[in-house]
Amino acid sequence: MTRKVADVKCPKCGSKTFTLMDFTLMSNERYVENGVWDNDTQINPCEMTGKVLANCHNESCKHTWRLRNVGQVTDFEEITE
């Protein structure tokens, strides 16, 4: 589900001025048999997990929160168009 950045606001003060940061983790999986790489398998990306945090710029707030249903900043519609 793609979201619009215009719909995001600080849950504490309601400000729409913030910084977004994403933290993405990608794991790779490869089979090892008896201490030796299995030449028939390839390095394949497994699940990609991530989270997006926002920092409010309102001087009296400075709240940090995690955005739900967003795995990275590029999930926002305006960035991917």
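How far NZ of K62 is from SG of C13: 10.5 Å, rounded to the nearest 0.5 Å. M21 contributes atom CE, which lies 12.0 Å from atom CZ of R66 (distance to the nearest 0.5 angstrom). For the atom pair CG (L53) and OG1 (T64), the distance works out to 7.0 Å, reported to the nearest 0.5 Å.
Listed here is the closest heavy atom pair of V8 and K16: O-CG, 3.7 Å. The two residues G71 and D75 come nearest to each other via the heavy atoms N-OD2, 2.7 Å. Nearest approach of P11 to W65, heavy atoms of both residues: CD-CD2, 3.4 Å.
For the pair V5 and F18, the minimum side-chain heavy-atom distance is below 4.5 Å. The closest side-chain heavy-atom distance from C10 to H63 is below 4.5 Å.
Residues H57 and S15 have side chains that never bring a donor and an acceptor to within less than 3.5 angstrom of each other.
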Intermediate values then yes/no, side-chain hydrogen bond (donor to acceptor under 3.5 Å, both in side chains), T19 and N55
CA-CA 5 Å; T19 300; N55 287 327; 5.8 Å; no
Begin from the C-alpha positions of L20 and L67 and carry the test side-chain contact (heavy atoms from CB on, under 4.5 Å) through to its verdict.
CA-CA 9 Å; L20 292 174; L67 280 80; 4.1 Å; yes
I'd like to know whether V52 forms a side-chain contact (heavy atoms from CB on, under 4.5 Å) with F23, so could you lay out the CA-CA distance, the side-chain angles of the two residues, the decisive distance to 0.1 Å, and finally the verdict.
CA-CA 6 Å; V52 176; F23 304 89; over 6 Å; no
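Open room surrounds NZ on K9; 12 or fewer heavy atoms of other groups in view lie less than 6.0 Å from it.
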